[in-house]
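Just so you know, these numbers come straight off a predicted model, no measurement behind them.
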Amino acid sequence: MKPICAPMGSWKSPLDASTVAAGAVHYHEIQSLGEDIFWLESRPQEQGRVTLVRNGQSILPPGFSARSRVHEYGGGSYFVCPAGAFFVNFGDQELYELEHADSAPRRVTHSGKAERYADFCHVHGSRFAIGVCETHVNGEVVNRLIALDLVDGTVTTLHDRHDFYAAPRICGDKLAFVAWDHPNMPWDATLLYLGTLEEAQLKDVTIIAGGNGASIMEPHWGERRLFYLSDEPGQWNVHSFDAAGTCNVHEAPDEYGGPPWVFAASTFAVVNDDLVIARRIRQGEESLVIIKGDGALTEWDTHAGSYDSLHWHESSGRLLCVTGAPDWPNRIDALSPSGEREVIAGSANPPLATRYASTPEALVFASNGAAHAFFYPPTNPDHVAHPHERPPLLVTTHGGPTAMARRTQNLRIQYYTSRGWAVADLNYAGSSGYGTAYRRKLEGQWGIADVEDCEALVRHLAADGRIDAARCAIRGGSAGGYTTLAALTFTDAFQAGASAYGISDLKALAKDTHKFESRYLDSLVGPWPAAESMYLARSPIHHSDRLACPIIFFQGGKDLVVPPNQSQMMVDALDKKGIAHAYVFYPEEGHGFRDAKNIAHALQAEYQFLCQAFGITPADTMLDLEVKHL
């Protein structure tokens, strides 16, 4: 059939919002016990419930969701051992035991919601597990390392001299764990401890790495050798510790880790004391490599665009990991040394036919030295553009702000590109995947360097004739929502925007956020309250007189990371000025939307709003969206 000539941005696409939402299933925290393979699966179609899966079958009864709230972002929500599977239930944050798939979970702890648990490891041959406990009493939050009796739920404190703890990992009687203190985040500076565990007591505790401003994370044991990541060389490299001391196993100008926003991240897997399989990121491009104990490195897999939750399944002699690529959504693959690949969770067939999928192009452009992005051109074989027409542009800004845009199939992006939009997924200053120096370019510069990168990206694409500079929109969530609002406030590069649970008032955020991030702004902006003038200067809410373009806001009513007042303040400011805006509020959502119907509704509402802002008539059925002052 001959392609239809239609205005860009309005093309009819086979990819609808409900399909995008259904594809938002996430797999994480792969573990194994003998031949059995376990993982967690976030299911938007079940209102965002996280279920525990064994060998492809959910073993968590309805009414339970395996999700921790330690640090609010959670992770490390379950572990398996010969006694059974243990998980943290989201509703009450208690630890439960699931002995058999057909048995009712047995409640292990009884803290009455005062305590939250995460990141456990089982002490082999005992009734104890070592984990992280976060206690909430009268507004005070205390984090500590604990030993938990899995029979009677008794909690014993092992270490409590630091603000935060993570990654307790045991080998025999040797326990390694990570700790850090305010104002640091775990990607700023941490300590790696090693101690001797006797029953529920920790002795002879010593620091074996860190203390020099390095970020140490992800300890994993071999038989007797401890491997971990350190960014002391200028990027996260794989290091090891044994009787001979510490060493950088393979020193390279590549990134082998990522910012630990959640517990139980695993960016490398230990096969034995002489063999590690690791995710390597080289200038934003990911691959799998094999690192031998003598430092020799071998390329192993380059077929995917992203690799997460690496786990060596000893029983089958295969690497299990969550992968994604430009032509497939995230799934769990089992990779054999012989090169065979088996999909064990998720679909081997993408929900969007290849001919409709836009292939990302890596961009490097001038801004603060150099900045990075992935550019997705409009792609739809059923349509062609009018002669000389350039596509509208959507710039996407990831959260964190230490996260990174990746070369994996993002159906939200394809939703736009298959409708005739260009999308630029930006890795602004502060993003991971480009080394420590790039990640730290945002120190003291949040709201400046990232915003300059947004503006420079538009200039770069416009100069190349790849976009319509008069129809540029920007969107982001959380920290990306702040960059979005700052770019709309302090530059003239964009004519519309969308903010999902974005930050508008840095001063209010410094006073009203959770413990984990309560001092984060010290490094991104400046120490509070000494740097109050900078907080005010960079907060969009205090410069709303400079806003002059349509913005749509999305907010969850139960968001404890970025409270709803952050969005409400901006909505009120735009309403007072008579600027076009819409506000979509989901009372039951938290920080990040998990329910499929809300994910789909938010995407459709955002697209419809941006089309209205640019005078584009969508081919889709219109929502009943209330837009003021348009």
Side-chain angles (χ1 to χ4, degrees), residues 167 169 171 176 178 186-187 189-192 194 208-260 265-314 317-323 335-339 404 406-407 431-440:
R169 301 293 180 260
C171 179
V178 174
W187 45 86
T190 59
L191 299 168
L192 178 60
L194 184 66
I208 61 173
N212 55 353
S215 171
I216 313 294
M217 60 187 191
E218 282 195 51
H220 294 282
W221 285 98
E223 293 100 332
R224 291 173 297 278
R225 194 177 182 188
L226 179 67
F227 294 87
Y228 60 93
L229 295 174
S230 171
D231 73 346
E232 188 175 1
Q235 50 279 317
W236 278 303
N237 279 187
V238 179
H239 289 62
S240 71
F241 172 83
D242 55 19
T246 61
C247 74
N248 188 339
V249 180
H250 177 83
E251 187 167 354
D254 303 312
E255 202 86 280
Y256 288 90
S266 181
T267 58
F268 70 97
V270 178
V271 180
N272 53 51
D273 278 353
D274 194 48
L275 192 65
V276 169
I277 301 173
R279 178 190 74 185
R280 181 182 67 185
I281 309 177
R282 175 171 289 176
Q283 291 297 298
E285 301 283 351
E286 302 181 36
S287 62
L288 287 182
V289 297
I290 298 173
I291 305 175
K292 293 188 176 180
D294 60 4
L297 182 143
T298 305
E299 295 269 3
W300 191 31
D301 189 84
T302 59
H303 293 88
S306 65
Y307 301 87
D308 293 294
S309 195
L310 275 63
H311 177 81
W312 181 252
H313 187 216
E314 188 174 354
R318 298 188 297 178
L319 179 76
L320 309 176
C321 58
V322 178
T323 69
L335 306 176
S336 301
S338 60
M404 62 179 288
R406 309 170 77 180
R407 282 177 53 86
S431 301
S432 295
Y434 302 90
T436 305
Y438 193 79
R439 193 174 72 249
R440 292 184 173 174

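- When the side chain to side chain contact (heavy atoms under 4.5 Å, CB included) test is applied to Asn248, the partners found at least two apart in sequence or on another chain are Pro233, Asn237, His239, Glu251.
- Residue Val178 comes nearest to Thr190 through the heavy atom pair CG1-CB, 3.8 Å, listed as atom of the first residue, atom of the second, then distance.
- Contact detail for Ala278 and Val238: the closest heavy-atom pair is CB-CG2, 4.5 Å.
- With Tyr256 as the fixed residue, the side chain to side chain contact (heavy atoms under 4.5 Å, CB included) test singles out one of Glu218, His250, Gln235: His250.
- Applying the 6.0 Å contact sphere to CD of Glu314 captures no more than 12 heavy atoms from other residues, nucleotides or ligands.
- Side chain to side chain, Arg225 and Ser240 meet the donor-acceptor criterion of an N or O pair below 3.5 Å.
- Every residue meeting the salt bridge (charged side-chain N to carboxylate O under 4.0 Å, His left out) condition with Arg440, not counting sequence neighbours, appears here in chain and number order: Asp231, Glu443.
- Within the 4.5 Å cutoff, side-chain heavy atoms of Glu299 are placed close to those of Ser287.
- Around the CD atom of Glu232, the shell of radius 6.0 Å holds no more than 12 heavy atoms that belong to other residues, nucleotides or ligands.
- The salt bridge (charged side-chain N to carboxylate O under 4.0 Å, His left out) check on Arg406 picks up Glu286, Asp308, with sequence neighbours excluded.
- None of Val322, Leu319, Leu335 except one satisfies the side chain to side chain contact (heavy atoms under 4.5 Å, CB included) rule with Leu310; the exception is Leu319.
- Side-chain contact, Trp236 with Ser230: no donor N or O sits under 3.5 Å from an acceptor N or O.
- Remark: Leu320 CG to His313 NE2 distance equals 6.5 Å, nearest 0.5 Å.
- Atom CD of Glu255 sits about 8.5 Å away from atom CZ of Arg279, to the nearest 0.5 Å.
- Of all the heavy atoms in Phe227 and Phe268, the pair that sits closest is CB-CE1, 3.7 Å.
- Across every non-hydrogen atom of Leu226 and Ala176, the tightest pair is CD2-CB, 3.8 Å.
- Put simply, the residue from Ile291, Leu297, Leu288 that forms a side chain to side chain contact (heavy atoms under 4.5 Å, CB included) with Arg280 is Leu297.
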